[in-house]
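Quick notes on the structure that follows.
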Amino acid sequence: MEEKKEVAKNVSQQDKQEEKKTTKNRQPNKNKRQKFQSAKNKPSAIGGNEKWQNDIKKVIEANKKMHQERLQKFNQINSNNAKIRITPLGGLGEIGGNICVFETDTSAIIVDVGMSFPTEDMHGVDILIPDFTYLRSIRKKIKAIVITHAHEDHIGALAYLFKEMQFPIYATPLPLGMIANKFDEHGLKAQKKYFRPVEKRKVYKIGDFKIEWIHITHSIIDASSLAITTEAGTIIHTGDFKIDHTPIDGYVTDLHRFAYYGEKGVLCLLSDSTNSYNEGITRSESTVGKTFDAIFSKAKGRVIMSTFSSNIHRVYQAIDYGLRYNRKVCVIGRSMERNLFTAIDLGYINLDKSIFIDPHEVNKYSDKDVLIVTTGSQGETMSALYRMATDEHRHIRIKTSDQIIISAKAIPGNEASVSKVLNFLLKSGASVAYQDFSEIHVSGHAAQEEQKLILRLTKPKFFLPVHGEYNHITKHKETAMKCGIPARNILLMSDGDQVELCSKYVKKVKSVKTGKVYIDNQINQQISNDVVIDRQKMADAGLVMIVAQIDGSESKLIGKPKVASYGLVPDSKDQAFSKDMEGVIDQFIINARKELFHNPRALENELRQVVRKHIFRKMKKYPTIVPTIFVM
């Protein structure tokens with residue numbers, strides 16, 4: 001009995017312990033409920049007054065609305081049926097060759113007319129200019145040419161256009177000065193009557209367009225962006241740019257005007273994509289000065305600095321540091337001398353001309369007292385630096401004591417040429433500062449953060465990235481999307497794409513003919529396409545020349561044909577190749593149709609095809625075949 005009582009007592013104690021555990025486990029949930037009820041009953045963090053809470057909510061909603069409105073100012077653009085068409089004829093899918101047409105139903109303007117560089121297989125070609133076929137088709141609509149800045153890839157083809165068509169040229173003074181130099185070279189002095197100098201921050205009415213030039217910093221003085229206002233809305237074209245807060249001349253980018261148009265509402269932005277892969281910001285031009293100072297302070301002999309002839313501020317910095325170290329300055333290279341003295345004459349830089357000496361005077365001075373500023377940073381074979389490096393310059397030869405500075409980066413396609421001139425310079429024993437100095441050169445194009453700044457200031461509805469290869473504009477599109485522009489409002493163009501814009505849409509409507517025209521810059525004349533193609537073929541597969549006499553009545557060769565080949569077989573195999581060709585020609589004559597012997601031109605064409613097929617079967621090459629047949 002007592003055992004049963006003991007068991008019952010133990011069970012009762014276990015039940016009490018289990019109940020305590022359960023109660024203990026439930027207690028936190030009870031506390032949570034109490035805390036929740038307590039928090040629910042507490043006054044709001046913004047105050048217990050209901051009116052105050054409502055006022056705060058209204059302000060929050062008002063601020064949201066304000067942000068939407070300020071970030072979408074393009075909604076202020078009048079919705080109408082006005083349209084504008086934009087057609088790039090160069091500068092997309094490539095670096096350089098920039099030219100773009102803006103047109104309405106009754107007016108058109110051309111923005112920039114630039115050149116580009118040939119590829120290595122374009123033998124004997126110095127520069128490429130755009131195909132002007134589309135401009136011919138709208139010639140009567142074109143009211144003017146509008147220039148953003150004076151780099152060759154924006155003005156280098158103007159003289160060639162003016163030999164065929166003439167329109168007013170609107171530009172700021174330095175671009176006009178450099179264009180004037182080109183016109184002088186091409187015998188177009190009389191065409192300067194078309195020059196129209198413009199002031200920045202002033203609006204000019206040109207046809208259906210109202211255009212304002214906005215100051216921008218770049219690697220050349222006096223660069224501009226454009227605000228192009230039409231009935232359809234305002235289009236901002238940045239041109240080439242970077243945001244340099246410490247430029248050499250102190251004239252910083254006019255960001256206020258971008259913001260001004262952004263507040264009014266921008267329909268579309270066209271923006272420079274060249275450095276769209278570069279994160280952060282592009283370094284200031286002024287940073288190069290420190291590197292120049294370090295190099296000049298250590299140089300024991302002559303300093304020879306090469307850069308783009310249009311980079312006046314780079315040249316000015318080199319000269320400034322040369323003067324600090326008591327050096328006389330010799331400028332060598334026609335374009336370098338012309339551009340520098342144009343900038344001096346127009347008052348963009350202040351240099352006393354007494355500091356300059358001529359090339360033939362260099363040897364009169366001690367090496368430590370001479371600075372030579374020259375062209376050739378891209379390895380051009382006709383440039384002064386190249387001729388110095390190869391001992392072909394009339395006055396200057398490279399010495400082992402020389403300090404060479406190449407203050408430029410190779411333009412895509414020019415890498416091999418730059419490497420070649422570097423090798424020549426190093427073999428001469430001179431010291432060369434190129435890419436081993438991180439700040440020997442800075443770009444003139446905006447990196448991602450600068451691109452974002454322009455996107456945020458202008459707040460465009462539509463975005464057309466320009467200036468660069470397709471991968472560059474694709475990357476710029478990604479940056480624009482991060483800045484809030486929907487993908488549907490961004491269009492990636494190629495040369496020849498005609499894009500139509502209005503307040504409601506942007507779309508490609510058609511393609512127009514584009515291309516490149518080959519130029520021999522030594523004589524300032526065009527090279528026919530078939531000439532360049534023939535050069536490429538001969539360089540790739542060689543040349544075969546055949547001279548034969550034929551007895552037409554007997555359908556047989558008279559003597560042995562003469563066969564000469566160039567660039568196809570080595571000299572040691574010339575004889576075997578000639579014998580092989582004799583057999584082919586002999587067999588062809590035997591089997592030729594009788595009527596061909598009365599038409600030597602047709603006979604030559606038939607022989608050309610036979611020889612061509614035979615050589616391809618044996619050598620897998622298609623050389624240029626030049627047969628000459630005399631039928632007796």
Side-chain angles (χ1 to χ4, degrees), residues 95-96 114-120 122-129 150-153 155-157 159 178 181-182 185-186 219-220 302-312 314-315 318-319 329-343 356-360 362 370-399 402-428 430-435 440-441 518-524:
I95 302 295
M115 50 73 71
S116 54
F117 289 103
T119 56
E120 289 186 351
M122 298 178 184
H123 306 283
V125 178
D126 295 311
I127 65 170
L128 306 175
I129 64 172
H151 272 150
E152 289 291 309
D153 60 332
I155 66 168
M178 292 191 176
N181 292 333
K182 290 188 170 296
E185 283 185 9
H186 287 260
S219 55
I220 190 170
R302 298 178 303 186
V303 175
I304 302 174
M305 196 281 287
S306 178
T307 189
F308 295 106
S309 64
S310 59
N311 196 340
I312 305 300
R314 187 74 51 81
V315 175
I319 292 174
V329 181
C330 177
V331 180
I332 302 179
R334 185 177 58 182
S335 61
M336 179 72 75
E337 186 174 355
R338 186 182 59 207
N339 291 343
L340 178 61
F341 287 106
T342 296
F356 298 101
I357 59 174
D358 293 328
H360 69 270
V362 167
V370 173
L371 164 64
I372 297 171
V373 179
T374 185
T375 54
S377 64
Q378 296 303 300
E380 307 95 316
T381 55
M382 295 302 293
S383 69
L385 183 63
Y386 187 93
R387 286 183 285 125
M388 292 177 201
T390 55
D391 287 342
E392 295 175 359
H393 195 273
R394 184 178 177 185
H395 300 291
I396 310 296
R397 291 192 175 185
I398 302 300
K399 301 179 180 180
D402 288 340
Q403 172 64 66
I404 316 292
I405 303 172
I406 299 181
S407 185
K409 186 179 179 181
I411 294 172
N414 288 356
E415 293 89 352
S417 299
V418 174
S419 179
K420 187 176 181 181
V421 76
L422 275 173
N423 289 332
F424 280 129
L425 291 169
L426 291 169
K427 284 179 181 179
S428 70
S431 299
V432 181
Y434 181 41
Q435 292 182 339
I440 199 71
H441 170 70
Y518 307 115
I519 298 294
D520 182 339
N521 214 28
Q522 305 307 310
I523 56 174
N524 294 329

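The residues of the chain are indexed from 1 along the displayed sequence.
Expressed to the nearest 0.5 Å, how far CD of Glu152 lies from CG of Asn339 amounts to 7.5 Å. One finds the CZ atom of Arg387 at 8.0 Å from the OG1 atom of Thr374 (value rounded to the nearest 0.5 Å). Atom CG of Leu371 and atom CZ of Arg302 lie 11.5 Å apart (nearest 0.5 Å). Here the NZ atom belonging to Lys409 is positioned 9.0 Å from the CD atom belonging to Glu415, to the nearest 0.5 angstrom. Separation of atoms CD1 (Ile319) and CE (Met305) is listed at 7.5 Å; rounding is to 0.5 Å. Here Ile304 contributes atom CD1 and Ser431 contributes atom OG; the two are 11.0 Å apart, rounded to the nearest 0.5 Å.
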Could you go through the side-chain contact (heavy atoms from CB on, under 4.5 Å) check for Leu340 and Val373 one step at a time? CA-CA 10 Å; Leu340 178 61; Val373 179; over 6 Å; no
Test side-chain contact (heavy atoms from CB on, under 4.5 Å) on Val331 and Val315; report intermediate values, then the result. CA-CA 10 Å; Val331 180; Val315 175; over 6 Å; no
If you apply the rule side-chain contact (heavy atoms from CB on, under 4.5 Å), what do you find for His395 with Val362, and how did you get there? CA-CA 8 Å; His395 300 291; Val362 167; over 6 Å; no
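Here the shortest heavy-atom pairing between Ile312 and Ala343 reads CG2-CB, 3.8 Å. Nearest heavy-atom pair, Ser377 versus Phe308, reported as atom, atom and distance to 0.1 Å: OG-N, 3.7 Å. Of all non-hydrogen atoms in Gly376 and Leu385, the two that sit nearest each other are O-CD2, 3.9 Å. Asp153 and Gly96 get closest at one heavy-atom pair: CB-CA, 3.6 Å. Contact detail for Ala408 and Thr307: the closest heavy-atom pair is CB-OG1, 4.3 Å. Minimum interatomic distance between Ile220 and Ser310 (heavy atoms only, all atoms of both residues): CG1-O, 3.2 Å.
Using a 4.5 Å heavy-atom threshold, the side chains of Ile372 and Asp402 count as separate. Glu380 is not listed as a side-chain neighbour of Thr375, based on a closest heavy-atom distance of 4.5 Å or more. Counting heavy atoms from C-beta on, the side chains of Met388 and Phe424 never come closer than 4.5 Å. Leu128 places a side-chain heavy atom less than 4.5 Å from the side chain of Tyr518.
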